[in-house]
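In this text, all values refer to a predicted model and were calculated from it rather than measured experimentally. Heads up: numbering here begins at 1 and tracks the sequence. Read the numbers this way: they start at 1 and go in the same order the structure lists the ligands and their atoms. Below, each value reflects all heavy atoms present in this structure, side chains not excepted, and no hydrogens, waters or symmetry copies.
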Amino acid sequence: MARQHKSRLLVTGGAGFIGSNFVHYWAKKYPQDRIVVLDALTYAGNLQNLQALLEQDRIRFVKGDICDQALVESILTEEALNLIVHFAAESHVDRSILGPDAFLETNIQGTHSMLKAARKVWLENPVVRDHHRFHHVSTDEVYGSLGATDPAFTETTPYAPNSPYAASKAASDHLVRAYHHTYGLEVTTSNCSNNYGPYHFPEKLIPLALLHMLLGKSVPIYGDGLNIRDWLFVEDHCRGIELVITEGNVGDTYNIGGNCERTNIDLIQTLCNLVDQAFQAKPELAQKYPDSPSATGSGAASLIRYVKDRPGHDRRYAIDARKIFHELGYRPTHSLETGLAQTVHWYLDNESWWKAVMDGSYSRWMDQQYGTAK
Ligand code: NAD
Ligand code: DAU
């Protein structure tokens with residue numbers, strides 16, 4: 001979708017972690033574009049993530065469900081939108097294991113509802129028909145789990161999703177593909193590896209571990225800690241999505257990743273070192289977070305506890321990103337070390353954000369996971 005025209009975007013899930021980072025990224029880069037965010041504000045959605053843009057009236061926010069096809073059609077029509085960037089989803093694997101239904105509803109039915117609305121509004125309108133795009137944000141988890149020496153996932157790796165979350169995302173990817181093949185809807189899909197960065201909800205490994213290090217709570221490591229994930233700073237994911245939208249081939253899928261495989265235990269050790277270093281550099285942190293072992297000199301790593309493994313826990317993910325590198329010139333700009341350091345500083349600078357989250361839906365989740373608020 002070359003940028004000879006201004007875009008008018010609908011960002012679904014734009015109050016969540018990656019969606020809100022994307023809205024900030026796009027609003028800064030393309031200040032003339034119209035951005036409408038549609039988000040149901042589930043436990044994972046947070047208007048604080050968009051506060052600055054809302055206060056400046058830079059975006060419109062609509063609270064609503066992607067399963068509400070009539071609502072989506074009315075937004076697309078009244079705002080004359082020509083680009084959908086579809087992030088909205090149930091995203092946490094552990095929740096999908098405890099309760100898969102919401103994942104099927106939002107990720108499969110919701111994506112189908114979005115596709116139906118786009119088809120109706122865009123393909124029946126000759127003005128938009130030749131100039132629209134439905135970009136679907138998906139995950140590397142659809143490809144299943146790799147052995148230690150297997151080659152990384154490419155765009156042609158067969159789908160083999162293992163968790164209810166991954167299966168629901170795989171189904172949504174197939175629907176997106178089918179709407180292109182059958183109806184000619186102009187779609188692109190990106191499959192990205194594990195993200196981290198600002199506004200990350202603390203049910204996921206990195207923000208959970210980081211905040212527990214500050215508060216002196218145990219850092220749970222599932223199984224033997226040797227599962228491998230391929231980490232990408234969220235802003236680099238946003239840049240990859242932008243490239244796919246502006247330069248990618250309609251109907252194609254693109255893997256996005258940063259060649260950054262780490263075992264969970266290595267990743268957490270790196271994070272522990274960064275937190276210890278932050279306390280050494282800023283003595284006032286010891287007063288602010290007296291329960292942190294980084295304050296007393298015993299070190300954040302003393303909080304690590306090996307706990308029961310996740311059922312069906314995928315051993316290794318790794319993205320082969322050569323297609324987006326070679327075809328679209330994509331390059332991540334953050335290493336794990338710079339991205340993690342930036343993340344630690346963001347959480348230290350935004351205590352009111354995470355305290356509000358931890359007082360609310362986070363503590364209910366911890367109760368459900370561990371039987372007690374940890
Ligand atoms: P998130 O859980 O932080 O945010 C999801 C957002 O979607 C929330 O704001 C929530 O309120 C909203 N939402 C949920 N159900 C909705 C519904 N029915 N209608 C409208 N809004 C709804 O998720 P995230 O980590 O930001 O992930 C965003 C997307 O990126 C997802 O599609 C996910 O599968 C994909 N993805 C995530 C990662 C990752 O590492 N987090 C990696 C690759 C791909
Ligand atoms: O690969 C992309 C996927 O990455 C996205 O599609 C998902 O939406 C996103 O949640 C993420 O899934 P993971 O399951 O990989 O992320 P999570 O942060 O939950 O876990 C990362 C690894 O850390 C995984 O091997 C499980 C482990 N883990 C997780 C938690 C929450 C722990 O060891 N302890 C924990 O407390």
Side-chain angles (χ1 to χ4, degrees), residues 11-22 37-47 49-50 62-68 71-72 85-97 102-103 105-107 109-111 113-114 136-143 145 153 161 163 165-166 168-169 172-173 190-197 199-209 212 218-232 234 237 241 256-257 262-265 267-268 304-310 313-319 365-366 369-370 374:
V11 182
T12 71
F17 163 47
I18 308 175
S20 61
N21 276 282
F22 179 83
V37 171
L38 172 66
D39 197 297
L41 296 181
T42 67
Y43 79 92
N46 186 347
L47 274 185
N49 300 4
L50 299 171
V62 179
K63 183 173 187 294
D65 194 325
I66 54 167
C67 296
D68 185 345
L71 172 67
V72 176
V85 193
H86 178 41
F87 292 92
E90 289 292 337
S91 70
H92 191 35
V93 173
D94 292 326
R95 287 183 193 256
S96 84
I97 294 167
F103 288 72
E105 278 151 32
T106 291
N107 300 0
Q109 304 281 17
T111 300
S113 168
M114 291 297 305
H136 177 57
V137 180
S138 192
T139 170
D140 59 0
E141 301 207 9
V142 297
Y143 300 120
S145 182
F153 303 129
S163 69
Y165 162 69
S168 68
K169 290 296 290 186
S172 68
D173 293 7
S190 49
N191 294 82
C192 190
S193 58
N194 285 63
N195 284 215
Y196 64 96
Y199 304 116
H200 206 179
F201 190 87
E203 65 189 350
K204 309 280 168 62
L205 178 64
I206 288 180
L208 182 150
H212 283 206
S218 64
V219 172
I221 301 290
Y222 298 165
D224 61 8
L226 297 179
N227 301 68
I228 292 173
R229 295 293 182 267
D230 189 350
W231 294 95
L232 187 70
V234 62
H237 184 188
I241 293 171
I256 305 179
R262 293 287 188 284
T263 62
N264 291 338
I265 191 65
L267 174 83
I268 293 305
I304 293 174
R305 301 284 180 276
Y306 287 90
V307 299
K308 195 155 92 51
D309 209 354
R310 171 186 280 173
H313 195 176
D314 283 339
R315 192 63 172 169
R316 174 177 165 236
Y317 302 144
I319 279 277
W365 166 243
M366 282 288 137
Q369 259 291 67
Y370 295 104
K374 286 168 63 84

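In terms of polar-atom proximity, Asn194 is counted as a contact of ligand 2, with an N or O under 3.5 Å from an N or O of the ligand. At a 3.5 angstrom cut-off on N or O pairs, Pro220 counts as close to ligand 2. Below 3.5 Å of separation, one finds no N or O of Val93 facing any N or O of ligand 2. For a threshold of 3.5 Å applied to N or O pairs, the pair formed by His237 and ligand 1 contains no separation below that value. Remark: ligand 2 and Asp94 share no N or O pair separated by less than 3.5 Å (distance only, no angle test). Taking any N or O of Asp140, backbone or side chain, at least one lies under 3.5 Å from an N or O belonging to ligand 2. By the 3.5 Å distance cut-off applied to N or O atoms, Tyr165 is counted among the residues near ligand 2.
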Q: Any chance you could lay out the salt bridge (Lys or Arg N to Asp or Glu O under 4.0 Å) test for Lys63 and Asp39, step after step, and finish with the verdict?
A: CA-CA 5 Å; Lys63 183 173 187 294; Asp39 197 297; over 6 Å; no
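Annotation: the span from His200 atom NE2 to Asn49 atom CG amounts to 11.5 Å, rounded to 0.5 Å. Distance OG/Ser138 to CG/Asn107: 9.0 Å, rounded to 0.5 Å. Here CD1 of Ile206 is found 11.5 Å from CZ of Arg229. Values are rounded to the nearest 0.5 Å. To the nearest 0.5 Å, the span separating CG on Asp314 from OH on Tyr143 amounts to 14.0 Å.
Under a 4.0 Å criterion applied to the non-hydrogen atoms of Asn194, ligand 1 contributes the atoms 40 (O). Per-residue contacts place Ser138 under 4.0 angstrom from the following atoms of ligand 1 (heavy atoms of the residue considered): 43 (C), 44 (C). Atoms of ligand 1 found under 4.0 Å from any heavy atom of Lys169, numbered from 1 in the order shown, are 31 (C), 32 (O), 33 (C), 34 (O). Of all the atoms in ligand 1, the ones that sit under 4.0 Å from a non-hydrogen atom of Gly64 are 19 (N), 20 (C). Contact atoms of ligand 1 toward Tyr165: 33 (C), 34 (O) (distance under 4.0 Å to a heavy atom of the residue). The contact set between ligand 1 and Ala15, taken as ligand atoms under 4.0 Å from a residue heavy atom, comprises 9 (O). Taking every non-hydrogen atom of Ser91 and a distance limit under 4.0 Å, the qualifying atoms of ligand 1 come out as 1 (P), 2 (O), 23 (O), 25 (O).
Taking the ring centre of Tyr222 as origin, the terminal cationic atom of Arg310 falls outside the region bounded by 6.0 Å and 45° from the ring axis.
For Glu141, every heavy-atom contact with ligand 2 shorter than 4.0 Å involves the side chain, none the backbone. With a heavy-atom cut-off of 4.0 Å, Thr106 touches ligand 1 through its side chain alone. Contact annotation: for Leu41 versus ligand 1, heavy atoms closer than 4.0 Å belong to the backbone alone. By the criterion of a heavy-atom distance under 4.0 Å, neither the backbone nor the side chain of Cys67 is placed next to ligand 1. Residue-level proximity to ligand 1 for His200 is absent, since no heavy atom of it falls below 4.0 angstrom.
A donor-acceptor pair under 3.5 Å is formed between the side chain of Asn21 and the backbone N or O of Phe17. Using a distance-only test at 3.5 Å, with no hydrogens or angles considered, no donor-acceptor pair links the side chain of His212 to the main chain of Val219. With Ser190 contributing its side chain and Ile241 its backbone, the two residues share no donor-acceptor pair below 3.5 Å. Looking at Asn195, its side chain does come within 3.5 Å of a backbone N or O of Ser193 through a donor-acceptor pair.
In terms of protein heavy-atom proximity, atom 29 (C) of ligand 2 is closest to Tyr222 CE1, 3.5 Å. Protein heavy atom nearest atom 29 (C) of ligand 1, with residue, atom name and distance: Phe87 O, 3.2 Å. Nearest to atom 18 (N) of ligand 1 among the protein's heavy atoms is Asp65 OD1, 2.9 Å. Closest to atom 9 (C) of ligand 2 among all protein heavy atoms lies Ser91 O, 3.9 Å. The protein non-hydrogen atom at the shortest distance from atom 19 (N) of ligand 1 is Ile66 N, 3.0 Å. Protein heavy atom closest to atom 21 (C) of ligand 2, with residue, atom name and distance, is Leu205 CB, 3.9 Å.
By heavy-atom distance, the residue among Arg229, Lys204, Arg310 lying nearest atom 20 (O) of ligand 2 is Arg310. Checking Val85, Val137, Leu71 against atom 35 (C) of ligand 1, the nearest heavy atom belongs to Val137. For atom 16 (C) of ligand 1, the nearest non-hydrogen atom from the set Cys192, Gly19, Ser193, Ala40 belongs to Ala40. Between the choices Ile256, Ile18, Asp68, the shortest heavy-atom distance to atom 39 (C) of ligand 1 belongs to Ile18.
Electrostatic pairing of Arg315 and Asp224 counts as a salt bridge here, judged by a charged N lying under 4.0 Å from a carboxylate O.
Between Val62 and Val37 there is no side-chain heavy-atom pair separated by less than 4.5 Å.
Residue Ile221 forms a side-chain contact (heavy atoms from CB on, under 4.5 Å) with just one option from Thr263, Ile304, Val307, Asn227, and that option is Ile304. Evaluated for a side chain to side chain donor-acceptor pair (under 3.5 Å) with His136, the options Thr111, Asp173, Asn191 yield exactly one hit, Asp173.
The closest approach between His313 and ligand 2 falls below 4.0 Å for a heavy atom of the residue.
Taking the six-membered ring for Trp and the full ring otherwise, Tyr43 and Phe201 have centroids separated by under 6.0 Å.
Relative ring orientation between Phe103 and Tyr165 is described as perpendicular, the plane-to-plane angle rising above 60° on a 0-90° scale split at 30° and 60°.
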